[in-house]
Number of protein chains: 2
Amino acid sequence: MTDNTQESLFSRLFSEPGTVYTRLLEDIARGVFVSGDRLVTTALAQRYATSINPVREALKQLQGEGLVSFQRNSGARVMHFEYTTMRDVYELLQLLEPYLLDWFIEEHTEAPLARLEALLEEMKALTTKDVDRFKELDTLFHWEMYRHHYNRDVVDLWKRQRLRLLALHANMPISGSRIQTAIDEHEAIIAPLRQRDKTAARAALVQHIHSGGDYWSRLVRSHR
Amino acid sequence: MTDNTQESLFSRLFSEPGTVYTRLLEDIARGVFVSGDRLVTTALAQRYATSINPVREALKQLQGEGLVSFQRNSGARVMHFEYTTMRDVYELLQLLEPYLLDWFIEEHTEAPLARLEALLEEMKALTTKDVDRFKELDTLFHWEMYRHHYNRDVVDLWKRQRLRLLALHANMPISGSRIQTAIDEHEAIIAPLRQRDKTAARAALVQHIHSGGDYWSRLVRSHR
DNA sequence: CAGTCATAAATTATGTGCAATCATTGTAGA
DNA sequence: TCTACAATGATTGCACATAATTTATGACTG
């Protein structure tokens with residue numbers, strides 16, 4: 001039994017939990033606030049038991065990260081996510097992830113591979129109802145591969161895009177078959193990793209991202 | 001005679017000039033504040049003739065964009081730029097620019113091509129002393145190709161990375177031979193654009209970015 | 001005498017409350 | 001029904017209080 005279940009996704013991805021910034025990020029990623037929602041400073045100040053200024057600063061930071069948008073004299077909203085947004089994010093991930101993977105293929109030791117397989121095992125053991133946990137595991141799987149990359153800028157960038165994706169998917173269902181496909185795809189990535197077969201691993205990753213983007217975009221269209 | 005000289009770089013890249021955010025960005029990109037400099041809120045408030053709060057918010061936004069770093073209870077500093085930072089930025093640009101270029105190759109009309117050539121002409125006409133103007137023209141050249149791309153996220157991302165480069169290079173000289181090489185490389189990009197030869201244009205662009213990264217990294221090392 | 005450490009003062013960051021401006025909503029009148 | 005106007009609510013910017021850090025000063029030690 002691994003202790004993956006004990007640690008939450010956000011405690012791993014963020015160094016300063018409990019801050020207004022992190023809590024807001026969590027609420028957006030979890031779907032408490034969804035695309036287009038107004039983010040009223042006074043209300044948020046109450047929610048996080050603080051005053052207006054810290055809230056404003058967190059919002060500005062999130063604006064810089066592309067998760068919140070401002071309109072002059074009209075306050076902040078959760079960035080408007082629509083079909084094109086998702087396409088944009090997936091296309092960016094399609095650029096970043098193969099690049100990040102390359103380093104991992106060359107430099108990884110045995111330990112992270114074992115962790116990847118532990119994550120995979122937990123995915124397989126999940127019942128289809130633990131959708132949120134599956135999303136977390138999926139994210140952690142990729143995180144495990146990229147987190148030690150030397151290019152911290154790109155790693156942070158990847159993190160942000162991944163969070164936007166989580167926010168986009170927060171209130172959407174996942175079919176059992178999609179989960180199964182994702183598990184298979186992750187397995188198809190691990191296999192060439194062992195042999196440090198760069199082209200095969202890249203191909204599997206590209207396929208995995210493409211497949212994900214495809215699934216969600218179809219889901220978004222049908223949810224209109 | 002074109003009127004490129006009349007408009008500044010920043011008025012083209014940013015929609016809201018005059019704000020604290022934009023002015024801070026300009027000052028960082030221009031090298032007024034350099035890598036590691038403390039950004040004291042009270043001093044900035046005086047400089048921009050405003051109070052502390054707007055300054056803090058601009059700093060937080062810039063933190064989100066990766067240009068400013070915060071230390072708890074110790075305020076903000078210009079993000080620490082060193083050799084590895086430059087390498088990271090160039091590697092990211094190497095991912096983004098070919099992607100952005102693809103769209104331009106397929107969709108461009110005659111007008112932007114003409115503007116590219118006008119920019120090129122102005123570069124050629126420059127004396128070697130107008131180093132700042134050359135950097136602006138170089139940026140505007142790429143901007144002209146990418147600015148209409150459908151993926152606004154990536155375009156904004158490119159803009160930020162380009163600004164970080166400007167900040168990194170702000171107080172460094174450019175040799176006359178480097179300017180000439182850059183001009184040649186731009187020409188090598190325009191030629192295949194006309195014929196919508198994607199592979200050739202991409203190759204020329206990749207070469208151009210690589211060449212730039214190479215030049216600056218050597219310069220940084222010798223400036224120790 | 002030089003260097004280091006501890007202590008004190010000044011400076012700065014952070015958080016709170018408050019006025020003014022702007023946008024939005026609702027209402028009354030044409 | 002549409003327009004003009006008033007009232008409400010929120011954003012924005014500002015001044016202040018508190019807490020932390022950085023800097024400066026002086027004493028002590030090798």
Side-chain angles (χ1 to χ4, degrees), chain A residues 10-11 14-28 32-81 156 167, chain B residues 10-11 14-28 31-82 156 167:
Chain A
F10 293 101
S11 67
F14 298 102
S15 39
E16 290 183 312
T19 60
V20 178
Y21 164 79
T22 306
R23 297 186 64 187
L24 239 170
L25 205 54
E26 283 185 31
D27 283 340
I28 292 175
V32 178
F33 304 119
V34 299
S35 168
D37 278 2
R38 278 197 74 181
L39 296 170
V40 179
T41 51
T42 52
L44 293 175
Q46 278 205 334
R47 180 180 174 88
Y48 303 128
T50 179
S51 69
I52 298 176
N53 242 1
V55 171
R56 277 195 63 78
E57 284 161 18
L59 287 172
K60 277 288 173 184
Q61 188 176 347
L62 288 167
Q63 179 191 21
E65 296 181 357
L67 285 158
V68 163
S69 66
F70 272 75
Q71 283 192 357
R72 182 169 177 79
N73 287 325
S74 180
R77 310 182 95 95
V78 178
M79 181 67 84
H80 198 66
F81 296 136
D156 287 345
Chain B
F10 293 101
S11 67
F14 298 102
S15 40
E16 290 181 312
T19 60
V20 178
Y21 165 79
T22 306
R23 295 187 63 186
L24 239 169
L25 207 55
E26 283 184 32
D27 283 340
I28 292 176
V32 178
F33 305 120
V34 298
S35 167
D37 277 3
R38 280 195 72 181
L39 296 170
V40 179
T41 51
T42 52
L44 292 175
Q46 278 205 334
R47 181 180 174 87
Y48 303 129
T50 177
S51 70
I52 298 176
N53 256 7
V55 171
R56 277 194 64 78
E57 284 160 19
L59 287 172
K60 278 287 174 184
Q61 188 176 347
L62 289 168
Q63 180 191 20
E65 297 179 357
L67 285 158
V68 163
S69 66
F70 271 75
Q71 284 192 0
R72 183 175 173 76
N73 287 326
S74 179
R77 310 183 94 95
V78 178
M79 182 66 85
H80 198 66
F81 296 135
E82 40 188 331
D156 287 345

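In what follows, chains are A, B, ... by sequence order, proteins preceding strands, each numbered from 1.
- Side chain of A:R77 to backbone of A:S69: no donor-acceptor contact under 3.5 angstrom is found.
- If you take CG on A:L24 and CZ on A:R47, they are separated by 8.5 Å, rounding to the nearest 0.5 Å.
- Within the nucleic acid shown, B:L44 has no heavy atom closer than 4.0 Å to any nucleic acid atom.
- In this structure, the CG atom of B:D37 is 16 Å from the C1' atom of C:dT12, given to the nearest Å.
- OP1 or OP2 of C:dA13 has at least one side-chain nitrogen or oxygen of B:T41 nearer than 4.0 Å.
- Residue A:R72 has no polar side-chain atom (N or O) positioned under 4.0 Å from OP1 or OP2 of D:dT11.
- In this structure, A:L59 reaches neither bases nor backbone, as no heavy-atom distance under 4.0 Å exists between it and the strands shown.
- Of all nucleotides listed (C:dT16, C:dT14, D:dA10), C:dT16 comes nearest to the side chain of A:P54.
- Distances were taken from every side-chain heavy atom of B:V40 (C-beta onward) to each of C:dA13, D:dT11, C:dT14; the shortest belongs to C:dA13.
- The only member of B:K60, B:E65, B:E57 that meets side chain to side chain donor-acceptor pair (under 3.5 Å) when paired with B:Y21 is B:E65.
- Of the candidates D:dC14, C:dT16, C:dA13, the closest approach to any side-chain atom of B:T50 belongs to D:dC14.
- At whole-Å resolution of the value, CD1 in A:I52 and C1' in C:dC18 are 10 Å apart.
- Here the P atom of nucleotide C:dT14 and the CD atom of A:E57 are 8 Å apart, to the nearest Å.
- Rounded to whole Å, atom C1' of C:dT11 lies 14 Å from atom CD of B:Q46.
- Residue A:I52 holds its CD1 atom at 11.5 Å from CG of A:L59, rounded to the nearest 0.5 Å.
- One interatomic measurement links the two molecules: CD of B:Q71 to P of C:dT14, which rounds to 11 Å at whole-angstrom precision.
- The base of D:dT12 is not paired with the side chain of A:N73 by any donor and acceptor separated by under 3.5 Å.
- Distance, A:Q63 CD to D:dT11 C1': 14 Å, rounded to whole Å.
- Of the residues near DNA chain C, A:S51 and A:S74, the one whose nearest nucleotide (by heavy atom distance) lies more toward the 5' end is A:S51.
- Which of D:dG13, D:dA10, D:dC14 sits closest to the side chain of A:N53 comes down to D:dC14.
- If B:R38 and B:A49 are placed on DNA chain D by their nearest nucleotide, the residue sitting closer to the 5' end is B:A49.
- Atom CD of A:Q61 is separated from atom CG of B:L62 by 11.0 Å, given to the nearest 0.5 angstrom.
- Atom pair B:F70:CZ and C:dT14:C1' shows a separation of 11 Å (rounding to whole Å applied).
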